[in-house]
Amino acid sequence: MRGQKTTSTSARTSNACYTLLLNNNAPPPPATAAAAATTTTTTTTTTTTQNLIQTNTLIHLYAKDGRLSSARRLFDGMPERNVVSWSALMAGYLHSGLSTEALSLFSSMIKAAAHAPSPRPNEYVLTTAISSCSHIRALEQGKQCHTYALKTGLDSHSHVSNALVHMYSRCSDVDGAFRIFESLPPPRANGDFFASNSIISGLMECGYLDEALGVAREAAKGVGSWDPVTFATIIGLCACLKNLKLGLQVHCQMLKRRCMDLNVYVGSTMVDFYGKCGRVASARTSFERLLLLRVQNVVSWTTMMTAYLQNGFFEEALNLFAEMQSPSNGPRPNEFTLAVVLNSCASLSSLRHGDALNAHVEKSGFGAHLVVGNALINMYSKSGSINDAHRVFAGMLHRDVVSWNSMISGYSHHGLGNEALEVFKNMLRVGEVPNYVTFVGVLSACIHLGLVNDGFYILNHLMKEMGTTPGLEHYTCIVGLLSRAGLLEEAENFMRSAPIGWDVVAWRTLLSACQVHRNFGLGKRVADLILELDPNDVGTYVLLSNMYAKARRWDGVVRVRRLMRGRDIKKEPGVSWIQVRGSTHVFVSEDKKHPQLTLIYEKLAELLMKIKLVGYVPDIASVLHDVEDEQKEEYLQYHSEKLAVAFGIINIPSVAPIHIIKNIRMCEDCHSAVRLISHVSNRKIIIRDANRFHCFEGGVCSCGDYW
DNA sequence: GTAGGGTTAG
């Protein structure tokens, strides 16, 4: 290559020469650009053109292979570039996720073109630039591309306008998207569903589901000429909407047209659709069909695990992961797979599985991925190891709103309100925009700290300032805030005046406060109200009978029990889990089956004796059985979490915390007993109950004895 | 030799 300067016009001319030469039995072109440089050629112009095309091909090949630095070196070394050189490199950047690089190349191209003879962007280049904007949701730059398209007339190319539709919808500019979309010919006219698919997927990602459904209904008129991508897009929409009926209709259409599900994209979307609609068995059937047809990949496996996770089948998710890893079976897991598996562990509160997986994560090199980091925070936090969760959070190179939310709500669940608010302040400091979930965590932190005024300020001002409309969860937090502060009348007034449709959970928050603060009259009214909404709400019966018991209203206790029996409502039996050296031990109340039974009961008796010396009084009033006081005390002793604590103290080294999970809310008697046990035995005991975490240390619980 | 729409996480 000798550095002759050729305009794009002359490049086209020489291209024609090359074609002529070929037709005249010219020697075949050299295999590589390097070879081209040493080849003896007939004319200089032809050599340049050959080199140009060959170098472009190489750039394309390198870029397709993800070797962007090699592609870039070639590009930078070119004495002359045409529009394809720019286009190939930009597309390479885009497909490797380096959209910013693609865009900066685009602006260099425009700058260079200002001084001819450098080529100007054509429809290929512009399409790639617009797609790059879509990818990183760069609306402003996308609009600049739109202006450029209008100025140059490139907007008449369908690829350009489709890319613009996608860009606007992905950037939440619904009006902008529809303005272009509606100016295009309807898909029925030409069977081209690119624009429909673009706008549907863009709208879907931004949560404009009704608008997306409208476009889908219009597209359905041309269902006869749908291609697999259109099917995948629409099924994806049905999954998003959790609209089983519509999805089944689309699935029928697919079957009618046969073999549509051979495609791994369509197949995985089917699995996802059935999973999101709660049909795990159908999801599994779709997945099995993919395996049978050998069109599986890491996404189809991960999607199936997700279907299990989202429907509460956590063990099944873990089993499928094991199956995937067995030799010759499935594809290699990726960062999404690990995130799903970690979240299954989180739901099982399985610190053992989770810790083992963390080792796997570190070895696999996926540890730096955002989704994996977020899943690790979630797993550690739900397994009770909030410090490990924070260690992961602090070590993350990149964080998104989910990372911050996980850390904030993690601290809140652990009752660490100050820590949660500190993280929130840092979040604002670095310019991350809080969302709906963030404020649920922040308001929960306010509950633990008793910050009533701050809570109202956040609800009424801060949220609006930050662009989030308060919803039921936020209003429920305010009820919790007033309740915890003992302002029960204010809480009731707030509930009666707030512009929101309350659910059973919200009313139960108030009822629970009535129980704690011994406000019997209000409690009775609230309980009646809840039972009108849902006559089978077990939690309400339990709270109500506890309330009667505390007020020594035994007639009421009997009445509640009779009511429960009449409606065939059973209190869920208390179960506690504890993990020791890799195996899980399960305890139910009055457990008589554990091999270490004698040891456990001896230890428990010793502990109870010690804590009685520091003020523990068994809360026999809370026992609802019709028996003598002595036996009531015995019932209390054998609650599952007390057995688990005794077992933990025997079997877990004294420096390690004891982690216990309980299926229902801890009773008050166990709470005060375990609090004192943490003191007399000098142990850290962490219990996760149905509501929250209780971290007992030195005779104090992180919940401040209110839960 | 280059360009547009589809799957998995929180």
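In what follows, chains are A, B, ... by sequence order, proteins preceding strands, each numbered from 1.
Counting to the nearest Å, the P atom of B:dG5 and the NE2 atom of A:H135 are 11 Å from each other. Atom C1' of nucleotide B:dG6 and atom CG of A:D272 are separated by 12 Å, given to the nearest angstrom. Atoms CD (A:E218) and C1' (B:dG5) sit 18 Å apart, rounded to a whole Å. Taking atom CG on A:D192 and atom C1' on B:dG5, their separation rounds to 9 Å, with Å as the unit. Distance, A:N374 CG to B:dA9 C1': 8 Å, rounded to whole Å. As rounded to whole Å, 7 Å separates atom C1' of B:dA9 from atom CG of A:N343. Atom CZ in A:F231 sits roughly 15 Å away from atom C1' in B:dG5 (whole-Å rounding). B:dA3 atom C1' lies 16 Å from atom CG of A:D155, rounded to whole Å.
Residue A:H157 places none of its side-chain N or O atoms closer than 4.0 Å to OP1 or OP2 of B:dT2. A close approach under 4.0 Å does occur between a side-chain nitrogen or oxygen of A:Q310 and OP1 or OP2 of B:dA9. OP1 and OP2 of B:dT7 both lie 4.0 Å or more from every side-chain N or O belonging to A:S300.
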What's the verdict on ring-ring contact (aromatic ring centres under 6.0 Å, His included) for A:H251 and A:F231, showing C-alpha distance, side-chain angles and the deciding distance? CA-CA 9 Å; A:H251 195 180; A:F231 274 108; 9.6 Å; no
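Stacking between A:F336 and the base of B:dA9 is absent under the criterion of ring centres within 5.5 Å and planes under 30 degrees.
Contact of A:T269 with B:dT7 (side chain to base): no donor-acceptor pair of N or O atoms is detected under 3.5 Å.
Every salt bridge (charged side-chain N to carboxylate O under 4.0 Å, His left out) that A:R391 has, sequence neighbours left out, goes to A:D388. Applying the salt bridge (charged side-chain N to carboxylate O under 4.0 Å, His left out) test to A:E218 and every residue at least two apart in sequence or in another chain returns A:R188, A:K221. Contacts of A:R137 classified as salt bridge (charged side-chain N to carboxylate O under 4.0 Å, His left out), with partners at least two apart in sequence or in another chain: A:E205.
A side-chain donor-acceptor contact under 3.5 Å links A:N374 and A:S403.
Annotation: proximity of residues 193-209 of chain A to DNA chain B (heavy atom, distance under 4.0 Å) is found for A:F194, A:N197, A:S198, A:S201, numbered in ascending order. Contacts with DNA chain B (heavy atom under 4.0 Å) in residues 90-108 of chain A: A:A91, A:H95, listed by number.
Listed nucleotides B:dG5, B:dT7, B:dT2 differ in distance to A:V229; the shortest reach to its side chain belongs to B:dG5. The side chain of A:Y124 has B:dT2 as its nearest neighbour among B:dT2, B:dA9, B:dT8. When distances run from any side-chain atom of A:N334 to the nucleotides B:dG5, B:dT8, B:dA9, the shortest one goes to B:dT8. Considering only side-chain atoms of A:N263, the nucleotide from B:dA9, B:dG6, B:dG5 that sits closest is B:dG6.
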With a cut-off of 3.5 Å and sequence neighbours excluded, list every side-chain donor-acceptor pair involving residues 97-106 of chain A.
unit_1, atom_1, unit_2, atom_2, d
A:S99, OG, A:H135, ND1, 2.6
A:S104, OG, A:E101, O, 3.2

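Going from atom CD1 of A:I130 over to atom CG of A:L94 covers 11.5 Å, rounded to the nearest 0.5 Å. Atom SG in A:C240 sits 12.0 Å away from atom CD1 in A:I234 (nearest 0.5 Å).
No more than 12 heavy atoms of other residues, nucleotides or ligands sit less than 6.0 Å from atom NE2 of A:H413. Residue A:R72 qualifies as enclosed at atom CZ: its count of foreign heavy atoms under 6.0 Å is above 12.
Contacts of A:S406 with the nucleic acid, taken as non-hydrogen atoms under 4.0 Å apart, are absent.
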